[in-house]
Amino acid sequence: MSNNIERVLHSNIYIQPAHFILAIATNILNIRILSCRKLLSSSCTYYFLTYAIISIVYTCLLCPIQFVRGFSINWISGKITCKTHAYILFVLPLQANIMLMLASFHRYWTSSRIHRLHSTSAVRIGRRNITLGSLFSIVYMSPMLFIYYWDDNSGKCLTKFHILISIYILSQVLIYYILSPSLMILFGILTILNIRQRSSSAIFLVPLMQRRRTESQLTRMLIIQIVVHLILVLPFGIIYSINSIIPSTRTPNVIAVRLVFVALQQCDYFASFFLYTLSARVYRQQLMRILISTTCSNARE
């Protein structure tokens, strides 16, 4: 193991506890705030809720493993743990990515003039999309259970090499790092255009105007989250793509950089709370209500 890899792994002793606390605390707050009646009337909220739950599960699995690696302890030391670790740590980020992609498409679809839906219908469609997206990611990532294997001689979890495996990994790169970001950006731009067009050409009653403001703020939350998501995720995606297509690039220094980008990618799982707070007034209002009610309850006790 090179000195650079050792330094990166040792830094996990300090980084991973911070990641763990931030991700758990912020996502619990996200779930609490997004579960209010006002926000649950929008289908977009359900994608945010699913994303928060996935973030908690992913953090609970990854942070402890990365933390103990800083003490040179490897929990991935067998056939079963090698396969399940690889599968889970690939399927959860894909699920989170799919939630953002579906949310961006759903916001565009519901904002278009042609498909104006009642809120309950939009919520029902959103729940169906979440279920189908989760099933797709579970099935699509199932080959990872066969690609990774435990090598007793080297004591490492390695990948098999085959032309079909290379094609499959290339499809991962295309879907996760090229197709998905492109669709997110495309639907985000189209949603903004739809909202501006409808705002300038329609007159709404007061209740509808209030709901429209909430929808607009949720759209802003989604677009900002997508931009930050791409900034935090794509560096690791580029390194992973290069390593997958050209195995000779898996040098110690490149692996060290890849581990740094893993830590950067983890920031994506707690950044959403701060982005929501900064970008949406309705989110700040619900947060303040929760804090005030909690303070009053503690004072009464």
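When a residue number appears, it is its place in the shown sequence, counting from 1.
- I239 and I231 end up in different hydrophobic clusters when Ile, Leu, Val, Met, Phe, Trp and Tyr side chains are linked at under 4.5 Å.
- Hydrophobic clustering of Ile, Leu, Val, Met, Phe, Trp and Tyr side chains at less than 4.5 Å, counting indirect connections, unites F146 with M141.
- Closest non-hydrogen pair, N30 versus S272, comes out as ND2-OG, 3.1 Å.
- Hydrophobic clustering, with ILVMFWY side chains joined whenever heavy atoms are under 4.5 angstrom apart, groups V254 together with V257.
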With ring pair (Phe, Tyr, Trp, His ring centres under 6.0 Å) as the criterion, how do F236 and F261 come out once you've worked through the C-alpha distance, each side chain's angles and the decisive distance to 0.1 Å?
CA-CA 5 Å; F236 172 79; F261 287 155; 8.1 Å; no
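- Linking Ile, Leu, Val, Met, Phe, Trp and Tyr whenever their side-chain heavy atoms come within less than 4.5 Å leaves Y58 and V68 in two separate clusters.
- L234 and Y177 make their closest contact through CD2-O, 3.9 Å (heavy atoms, listed as atom of the first residue, atom of the second, distance).
- Judged by distance alone, the side chain of N27 and the main-chain N or O of Y269 form a donor-acceptor pair under 3.5 Å.
- No donor-acceptor distance shorter than 3.5 angstrom exists from the side chain of K83 to the backbone of M144, with no hydrogens or angles considered.
- Side-chain contact annotation: N74 with R69, donor-acceptor N/O pair under 3.5 Å absent.
- If you check the side chains of D268 and Y51, you find a donor sitting under 3.5 Å from an acceptor.
- For the pair Y176 and P181, the minimum side-chain heavy-atom distance is 4.5 Å or more.
- Proximity of Y148 to H85: side-chain heavy atoms (C-beta onward) are nowhere separated by under 4.5 Å.
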| task | Go through F67 and L62 one step at a time and tell me if the side-chain contact (heavy atoms from CB on, under 4.5 Å) criterion holds. | result | CA-CA 9 Å; F67 176 73; L62 181 62; over 6 Å; no
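- Within the structure, no pair that satisfies the disulfide (SG to SG under 2.5 Å) test touches residues 232-291, not counting sequence neighbours.
- For I125 against H106, the heavy-atom pair with the smallest separation is CG2-CE1, 3.5 Å.
- Using a 4.5 Å cut-off on side-chain heavy atoms (C-beta onward), R281 and R284 make contact.
- Interatomic distance, CG of L232 versus CG of L264, reported as 5.0 Å (0.5 Å rounding).
- Criterion: ILVMFWY side-chain heavy atoms under 4.5 Å apart, direct or through other members. Under it, I290 and L39 are part of a common hydrophobic cluster.
- For the pair F20/C60, a side-chain contact is recorded, criterion being any heavy-atom separation below 4.5 Å from C-beta on.
- In this structure, CZ in F270 is found 5.0 Å from CG in L22, a value given to the nearest 0.5 Å.
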| message | Show, in sequence, the C-alpha distance, side-chain angles and deciding distance for L179 and L183, and conclude whether the side-chain contact (heavy atoms from CB on, under 4.5 Å) test is met. | response | CA-CA 6 Å; L179 179 62; L183 291 176; 4.0 Å; yes
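- The CG atom of L222 sits 10.5 Å away from the OG1 atom of T45 when rounded to the nearest 0.5 Å.
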May I have the step-by-step check of side-chain contact (heavy atoms from CB on, under 4.5 Å) for E6 and N3, ending in yes or no? CA-CA 5 Å; E6 287 182 357; N3 292 331; 4.0 Å; yes
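- For the pair I31/I56, a side-chain contact is recorded, criterion being any heavy-atom separation below 4.5 Å from C-beta on.
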If you apply the rule side-chain contact (heavy atoms from CB on, under 4.5 Å), what do you find for K79 with Y149, and how did you get there?
CA-CA 6 Å; K79 181 179 179 180; Y149 71 98; over 6 Å; no
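- For the atom pair I73 CD1 and I65 CD1, the distance stands at 12.5 Å (nearest 0.5 Å).
- Of all the heavy atoms in L145 and Y87, the pair that sits closest is CD2-CB, 3.5 Å.
- Using a 4.5 Å heavy-atom cutoff, the side chains of L34 and L40 are not in contact.
- Ring pair Y140/Y168 is tilted by interplanar angle, where 30° to 60° counts as tilted.
- Counting heavy-atom neighbours within 6.0 Å of F136 CZ, excluding the residue itself, gives a total above 12.
- No side-chain donor-acceptor contact under 3.5 Å links S104 and Y47.
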Side-chain donor-acceptor pairs of residues 90-103 under 3.5 Å, sequence neighbours excluded:
| residue | atom | partner | partner atom | Å |
| --- | --- | --- | --- | --- |
| Q95 | NE2 | S137 | OG | 3.4 |
| N97 | OD1 | H229 | NE2 | 2.8 |
| N97 | ND2 | S180 | OG | 2.6 |

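- Atom CD1 of I167 has more than 12 heavy atoms from other residues, nucleotides or ligands within 6.0 Å.
- Of all non-hydrogen atoms in T249 and I242, the two that sit nearest each other are OG1-O, 3.5 Å.
- Proximity of F48 to Y276: side-chain heavy atoms (C-beta onward) are separated by under 4.5 Å at one or more points.
- To the nearest 0.5 Å, atoms CG (L135) and CD1 (I130) are separated by 12.0 Å.
- Across A263 and H19, no two heavy atoms sit closer than the pair O-CE1, 3.1 Å.
- Side-chain contact check for I185 versus L230: some heavy-atom pair is nearer than 4.5 Å.
- Between Y14 and H10, the ring-plane angle classifies as perpendicular under the 30° and 60° cut-offs.
- The closest side-chain donor-acceptor pair between R127 and Y46 falls under 3.5 angstrom.
- The CD atom of Q16 sits 4.5 Å away from the SG atom of C63 when rounded to the nearest 0.5 Å.
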